[in-house]
There are 2 protein chains.
Amino acid sequence: MNEPTARAATIGEAARATGVSAKMIRYYEETGLLGPAERTASGYRLYGEADLHALRFVRRARDLGFSMREIAELLGLWQDRSRASAAVKSVALGHVGDLRRRIAELEAMARTLEHLAERCCGDERPDCPILDDLAGAVPGRD
Amino acid sequence: MNEPTARAATIGEAARATGVSAKMIRYYEETGLLGPAERTASGYRLYGEADLHALRFVRRARDLGFSMREIAELLGLWQDRSRASAAVKSVALGHVGDLRRRIAELEAMARTLEHLAERCCGDERPDCPILDDLAGAVPGRD
DNA sequence: ATGGAGCTTCCCATCATGGGAAGGTCAAGG
DNA sequence: CCTTGACCTTCCCATGATGGGAAGCTCCAT
């Protein structure tokens, strides 16, 4: 609080402060997710507190698995003070639906493989129900 | 058995017969996952029964979420009659580990979001715990 | 013989991320 | 003042698995 705006950070400092790599910060700017950063006379990018805040927002959203498209939407809603919370909730719940679908898919794969692995003795012998399944053999129908 | 080898299939027929797109069949050949296909005098690829079998193997493995690297390994083991089933089981269980890790990550994201969404009234008003979380606000510590 | 379906190769795009080269800038220490 | 090393800039390329599409050749049935 003593130094009002601790003075703008370079991209490396911003990266360290927010956990977003410098590469990704430039990429977010290039793709329009974030507006163009201020520049020094010599062309270095500068980031103020508000920018760091936005970067942390993006980082948090990515940690929650939102796509860049969704994050763009959320950033827009964040900056629109008159948004309805329903709009945000809808984006969030849509994403939860995606996550649940992906989880169900992975879960089905994992269960199938665990089941096959259980029946594979896993020793020196070549017989292997896992390969038999992959090869399309339906053991017990032979 | 009546027609010994029902005559080789073109890439389109192979695609239809195995559920692997023609694009992907060419890609698997190009990257060495599968050996080069036979060719007609005019350059068309031809696929025999054994090739179709291998394609179905790859398809099934992809359905189970194996990476191409893992599939290459599994194909090698499949074709090596003297492999130990332990080697196959180890690849499979390694993959199950990957799947379980990814599931846990997605599950954590989904739970966090569901939790936030529950507390978001989702109406006309702008107040939204979801955005507050993304923005780094820690409600209740204020 | 012609038309259309199917094949070939080649290039490009996705999504989010990282690696690295070539070159300019800045601050500290001799 | 000059050097050194850390940092910045832009530009290009790669990933993994997949699809889209163009230009041109081949095959088969009419």
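Below, chains carry the letters A, B, ... as their sequence lines are ordered, and counting in each starts from 1. Only heavy atoms go into these numbers, but all of them, side chains included; no hydrogens, no water, no symmetry mates.
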**Complete:** Shortest non-hydrogen pair, B/T18 vs B/R59, comes out as O-CG, 3.7 Å

**Fill in**
Here the distance between atom C1' of C/dC15 and atom CG of A/L33, to the nearest Å, is 13 Å

**Request:** For atom CZ of A/R125, decide whether the heavy atoms of other residues, nucleotides or ligands shown that lie under 6.0 angstrom number more than 12.
**Result:** no

**Fill in**
Under a 4.0 Å heavy-atom cutoff, the residues of residues 21-29 of chain A touching DNA chain C are A/S21, A/K23, A/M24, A/Y27, A/Y28

**B/E38 CD: over 12 foreign heavy atoms closer than 6.0 Å** = no

**Prompt:** So which one's nearest nucleotide on DNA chain D is more toward 5', B/R62 or B/T40?
**Reply:** B/R62

**Complete:** In numerical order, the residues of residues 95-110 of chain B whose heavy atoms come under 4.0 Å of DNA chain C are none

**Message:** Over 60° means perpendicular and under 30° means parallel, so tell me whether A/W78 and A/F57 are parallel, tilted or perpendicular.
**Reply:** parallel

**Request:** Step through the shown structure and confirm whether more than 12 heavy atoms of other residues, nucleotides or ligands are within 6.0 Å of CD on A/E13.
**Result:** yes

**Asked** Which part of the nucleic acid, if any, lies within reach of B/R39 when heavy atoms closer than 4.0 Å are counted: base, sugar-phosphate only, or nothing?
**Response** sugar-phosphate

**Asked** Separation of B/I11 atom CD1 from C/dT9 atom C1', in whole Å?
**Response** 12 Å

**Request:** Please check if atom CZ in A/R62 has more than 12 non-hydrogen atoms from other residues, nucleotides or ligands closer than 6.0 Å.
**Result:** yes

**Request:** Is it possible for you to say whether A/L52 and A/L46 belong to one hydrophobic cluster, with membership spreading through side-chain heavy-atom contacts below 4.5 Å?
**Result:** no

**Message:** Please determine whether the number of non-hydrogen atoms from other residues, nucleotides or ligands lying under 6.0 Å from atom CZ of A/R39 exceeds 12.
**Reply:** yes

**Complete:** Walking DNA chain D from its 5' end, the first of B/F66 and A/Y47 to be reached, judged by nearest nucleotide, is A/Y47

**Request:** Write down the atom of B/S85, the atom of A/G122, and the distance for their closest heavy-atom approach.
**Result:** OG-N, 3.3 Å

**Message:** Show the nearest heavy-atom pair for residues B/I130 and B/C120, with the distance to one decimal.
**Reply:** CD1-CB, 4.0 Å

**Request:** May I ask you to verify if any side-chain N or O of A/R59 is less than 4.0 angstrom from the OP1 or OP2 atom of C/dA16?
**Result:** no

**Message:** At 4.0 Å (heavy atoms only), tell me whether B/S67 reaches a base, stays on the sugar-phosphate, or touches nothing.
**Reply:** sugar-phosphate

**Prompt:** Can you pull the contact range of chain B along DNA chain D, 5' to 3', using atoms under 4.0 angstrom from its heavy atoms?
**Reply:** D/dA17 to D/dC27

**Prompt:** Just how far, in rounded Å, is P of C/dA16 from CG of A/L34?
**Reply:** 13 Å

**Message:** I'd like to know if A/L106 and B/M68 are part of one continuous hydrophobic network [Ile/Leu/Val/Met/Phe/Trp/Tyr, side-chain heavy atoms within less than 4.5 Å].
**Reply:** yes

